[in-house]
Structures are given as structure tokens and as C-alpha cells.
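First up is the structure itself, then whatever we jot down about it.
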2 protein chains.
Amino acid sequence: MARSYSHYCPIAHALDLVGERWSLLVVRELKHGPLRYTDLLEQLPGVSTNVLAARLRELERGGIVGRRRMPAPAASAVYELTDLGQGLTPVLTALAHWGARSLGPPPPDAELVRGWLERALRTALGETAPPGSFELHAGDEIASVVDGVIKAGATPDPDVVVRCDATWIFHLLVDGEICSGAEIEGDREALERLAGVAPVRRVEVAATIG
Amino acid sequence: MARSYSHYCPIAHALDLVGERWSLLVVRELKHGPLRYTDLLEQLPGVSTNVLAARLRELERGGIVGRRRMPAPAASAVYELTDLGQGLTPVLTALAHWGARSLGPPPPDAELVRGWLERALRTALGETAPPGSFELHAGDEIASVVDGVIKAGATPDPDVVVRCDATWIFHLLVDGEICSGAEIEGDREALERLAGVAPVRRVEVAATIG
DNA sequence: CTGCATCCGCTTCGATACTG
DNA sequence: CAGTATCGAAGCGGATGCAG
């Protein structure tokens, strides 16, 4: 039986449902579409198999994720967020914005997950992206922002194209700064408007990524 | 040493700082002003002394709470949120809104903390309260909403006065419904406007307060 | 190969007792 | 009042086993 705070309080109740270790990270992974058990295992480095199974069971009991059997010959089950689970988006966004305040730039050895650029743009810009079309290349990731809509991949005829690395993206989105070290082609002023909406004020704390 | 997810991700980083058991509830308590160690102990039923001490140490190391020695003859230390800690407000608000979706009305034996009415109004209404002046009495709690500003206690010459209980407040704020069982004096339509801003869509899930 | 369950060593939690 | 010390129980992380 899962431990409960047994407080009559919506925050404590929310933490009863998603406050255990790994729970919110499972939700984070499922936000971008259904995944199989093994996909979750490899996208959540450090989680052990029994804990992941337990979390999925608890999240299912709580009505946050659903288990569905794939059609046809796939023969494998997938986990996906329910509507209630999708409702956690504001929680994850708030945590991400707050976490970014004390998260430093990516260390050189950071393993970035597939799709990180699109996720970062979506989290940092939300619905506040300025007009214009932007195409960003960082490492082997490509993402675009076209009149506030964020998508993976290139876009036809962008106002500005940037070729950079993850650290440059970090300073753009978290500090609102356009650093040197990137190739910028096109409308630099549009890029400055994009930098201007960075919603995070950084702080210095002792904590770092382990 | 605290356990870390060691993911380069702002959400995982945030959870490294405040994701452990009790951490966010400590922050919730300190949001309304500095508290002493023993105050925290009694406002967080179920937490044990060693765990509270450990959490306060970790939160202090993370730059989320500060320890201050009271002036004069008080001779006792208080804990308070830093600016970074205050920055967790959107996280707590998002969690509270989400938690309210599956939190049922208060059971008769629920022990409500002092100030619950003001907190509930602040969480549910945020900055979206309609114009008008409201005075709410529930049990022995009194709070007012005057042109969107929420405060404890009565207010002079309110448009509407309600005398009710916690369950009635719950349905008002969470379901947006004005139930029977309350004494309503004054402008009932103003009250309906207040109910209209209830931001939570409830769902039915198995989970309940233990 | 996928989707877990089981076992094991370790850490953390919760309750209580105790100290400056 | 403000914690530390101790101890049993539960949870976590890692490795392995095993059925479909």
C-alpha cells in the first residue's frame, strides 16, 4: 500500500498521487505520446524495473496513466496519459521553469535525450513566442518556431536560421542572451525578440546536477 | 548525500531539490511566513523529527529556505523561504489545482488547519476574483474577498455574507456550485459570479484521502 | 525480445527516546 | 525549544530469473 500524507489538502493529495520518486518523470516521458515499458526503462536512466512497474501500477490506479494493448500483430502494451494525467502539464511546466533557475548550462558530457530541442523550446516559450519563423540546429537536433507554433524539423523559408550547440540554446532560453559561437543567418533582430521572451531569472545556488 | 536523478533536465533538477517526501509540504507551510521548528512539526502531522530536520538542512543547502535567529529576547530560530523558495508558488498552485480535481469534499472528521479558508480562496481564485466584496464564514474561519483581494477576517459593508461549512466552500470553489445549506445575505448574483470563476474540473478517481 | 517478479544489500522513513 | 540517537520497517537500486 502506498504511503499517504493523510492531510486534507489538495497539494498533499496531489503528492499522494504523483509525489513518489520517479512518478512525475514517468508522466514527463508519456506527455509526448504512448510508450512501451522498455521504452520507459531506457528513457529514465537509473530507474529499476521493479520500481517502474510499481509506479505504473500506482499511476494506473490513480487514473493518471492507462494501459492499452496495441492493435494488430504488435502484441505489446503501451502506457499513455489519461486526461487527468495530461492535466499535469502545468505542474511539469512550473517545475521546469523553476528548475531552470538553478540548473546550469549542460556539461559537455551531458547525455541529451532525443527531441530535447523541441521540448526545451516548448517549455521555455510556451504560448509566448513572438511572430516570425525560426529554424534552430543544435547538434543533430533541428526544430522550428513558426508564428509561435513549435515543431520538430526544418521549416520552409525561415526568417532566421541558427546553427549552434546545446549551451548556446541554454543561454538563449534561460538567460535571454545571444552568445557568440553560433552561425546566425537572416534576421538577427527577430532572434533578439525570441530571446526577449525568456521567462526564467537565474539564481546561483550550490546545487548542481550530480 | 541526497539522491539525485542525475538527468540533465530542469524537471529532474527541480525534483532533486524539492522532490523528496515532505519537502514541498514544508515549502507550503513556510509560504505564509516564517515558522519555528516546532511550529512546522505540528503543522505537518505525520512527519518525524529527524526527517524534518533533514529536509530543512537540504532545503537550506539548496537555497530554498533560510534560517534566521529572531531578534530581541525571542532566542529562537525561524525558517523562512528565500526568493528562490518563493518562486515555487506556481508549482504549488499547479499542484493544488490538479489535486483538487480528484480530492473529494472534506470528510466530517477532517482536521482543517488554521487559515484554511483564506488559503483555499487564494488558491482557487488566484488573481481572477470578480469585482465586489464578499465575506465568508465557515466554521470558525472568516475571510473576505474585496475586489479581488483576499484577506482573513471580516470586511466592512460587504455585498454578500455567507455562513456555511467547509463542504459548502468546497463545492463553491471546486465545482462552481452554490449548494443549499448556507445562509446567504445580500447580493446572490455577486456570489454566482464568484462561483463562475472556479477553475477546476473535477474527475472521479479511485484515490481518496487515507 | 518484452514485461514484468523475485531476491538482495543498502538507504530512507517513521516512531520513540533522549539531550543541550 | 530544537533538534540528535536509535531501531524496526519499508522503499530503493541493481542483478537476475522467467513466462509469453
Side-chain angles (χ1 to χ4, degrees), chain A residues 1-7 12 15-26 29-30 33-62 65-80 111 209-210, chain B residues 1-7 12 15-26 29-30 33-62 65-80 210:
Chain A
M1 213 46 175
R3 244 179 328 206
S4 164
Y5 289 110
S6 300
H7 293 192
L15 293 173
D16 281 343
L17 293 171
V18 296
E20 266 170 316
R21 195 161 170 76
W22 293 109
S23 290
L24 279 175
L25 295 182
V26 169
E29 289 309 315
L30 293 179
L35 288 176
R36 291 174 308 174
Y37 185 85
T38 12
D39 300 329
L40 284 167
L41 262 188
E42 77 184 35
Q43 300 217 37
L44 295 172
V47 74
S48 50
T49 62
N50 52 357
V51 171
L52 178 59
R55 290 298 168 274
L56 287 170
R57 243 179 286 128
E58 294 158 12
L59 291 171
E60 195 176 3
R61 273 202 55 219
V65 314
R67 182 188 312 234
R68 189 159 47 95
R69 209 145 267 291
M70 284 300 269
S76 78
V78 293
Y79 296 90
E80 62 188 345
E111 287 189 29
I209 279 279
Chain B
M1 211 48 174
R3 243 180 327 210
S4 164
Y5 289 110
S6 300
H7 293 193
L15 293 173
D16 281 343
L17 294 172
V18 295
E20 266 171 316
R21 194 160 170 77
W22 294 107
S23 290
L24 278 175
L25 296 184
V26 169
E29 289 308 315
L30 294 179
L35 288 176
R36 292 173 305 173
Y37 185 86
T38 17
D39 300 329
L40 284 167
L41 262 186
E42 76 184 35
Q43 300 217 36
L44 295 172
V47 74
S48 50
T49 61
N50 52 357
V51 171
L52 178 59
R55 291 297 168 273
L56 287 170
R57 240 178 286 130
E58 294 159 11
L59 291 171
E60 195 175 2
R61 273 203 54 222
V65 314
R67 183 187 312 233
R68 189 160 48 95
R69 207 147 269 290
M70 284 300 268
S76 78
V78 292
Y79 295 90
E80 62 189 343

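Keep in mind that what you see is a predicted model, and the values were worked out from it rather than measured. Convention: sequence-line order gives letters A, B, ...; per-chain numbering from 1.
- At whole-Å resolution of the value, CD in A:Glu58 and P in C:dC4 are 14 Å apart.
- Rounding to whole angstrom units, CZ of residue A:Arg3 and P of C:dT12 are separated by 13 Å.
- The overall bend of the helix from C:dC1-D:dG20 to C:dG20-D:dC1, read as the angle between its terminal helix axes built from five base pairs each, is 30° when rounded to 10 degrees.
- Using a 30° and 60° split on the angle between ring planes, B:Trp22 and A:Tyr5 fall in the perpendicular class, above 60°.
- Closest approach of A:Leu59 to A:Leu17, counting heavy atoms only: CD2-O, 3.9 Å.
- Residue B:Arg55 has no polar side-chain atom (N or O) positioned under 4.0 Å from OP1 or OP2 of D:dG3.
- The nearest heavy atom of DNA chain C to A:Tyr5 and to A:Thr38 marks one nucleotide each, and the one closer to the 5' end goes with A:Thr38.
- Rounded to an integer number of Å, the gap from B:Leu41 CG to C:dG14 P is 13 Å.
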Hey, what are the protein-to-nucleotides 16-19 of chain C N/O distances that come in under 3.5 Å?
{"residue": "C:dT16", "atom": "O4", "partner": "B:Thr49", "partner atom": "OG1", "Å": "3.3"}

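- The shortest heavy-atom contact between B:Arg55 and B:Glu20 is NE-CB, 3.8 Å.
- For the pair B:Glu20 CD and D:dG11 P, the computed distance is 16 Å after rounding to whole Å.
- To the nearest 0.5 Å, atoms CD (A:Glu42) and OH (A:Tyr37) are separated by 13.0 Å.
- Of all non-hydrogen atoms in B:Arg68 and B:Pro34, the two that sit nearest each other are NH2-CG, 4.0 Å.
- Here the straight-line distance linking atom OG of B:Ser23 with atom CG of B:Asp16 works out to 11.0 Å at 0.5 Å rounding.
- Counting only heavy atoms from C-beta outward, the side chains of B:Leu44 and B:Glu29 approach each other to under 4.5 Å.
- The side-chain heavy atoms of A:Arg21 and A:Val51, taken from C-beta on, include no pair separated by under 4.5 Å.
- For A:Tyr37 and D:dG20, the OH to P distance is 17 Å, given to the nearest whole Å.
- If you measure from atom CG of B:Leu59 to atom P of D:dG3, you get 14 Å, rounded to the nearest angstrom.
- Scanning all heavy atoms of the two residues, the minimum distance from B:Arg36 to B:Ala77 falls at CG-O, 3.5 Å.
- Of the candidate nucleotides D:dG13, D:dG11, D:dA2, D:dG13 has the atom lying nearest to any side-chain atom of A:Val51.
- Of the candidate nucleotides D:dA2, D:dT4, D:dG13, D:dG13 has the atom lying nearest to any side-chain atom of A:Arg21.
- The side chain of B:Tyr79 lies closest to D:dG3, out of D:dG3, C:dT12, D:dC1.
- The 5' end of DNA chain D is approached more closely, in terms of each residue's nearest nucleotide, by B:Ala54 than by the other of A:Ala54 and B:Ala54.
- One finds a side-chain N or O of B:Trp22 lying less than 4.0 angstrom from the OP1 or OP2 phosphate oxygen of C:dG14.
- Of the side-chain N and O atoms in A:Arg57, one or more sit less than 4.0 angstrom from OP1 or OP2 of C:dA5.
- Between the CD atom of A:Gln43 and the C1' atom of C:dG3 there is a distance of 17 Å, rounded to whole Å.
- Counting only heavy atoms from C-beta on, B:Ala53 has its side chain closest to D:dT4 among D:dG13, D:dT4, C:dT2.
- How far CG of A:Leu30 is from CG of A:Leu56: 7.5 Å, rounded to the nearest 0.5 Å.
- Whole-Å rounding puts the B:Leu56 CG to D:dC1 C1' distance at 14 Å.
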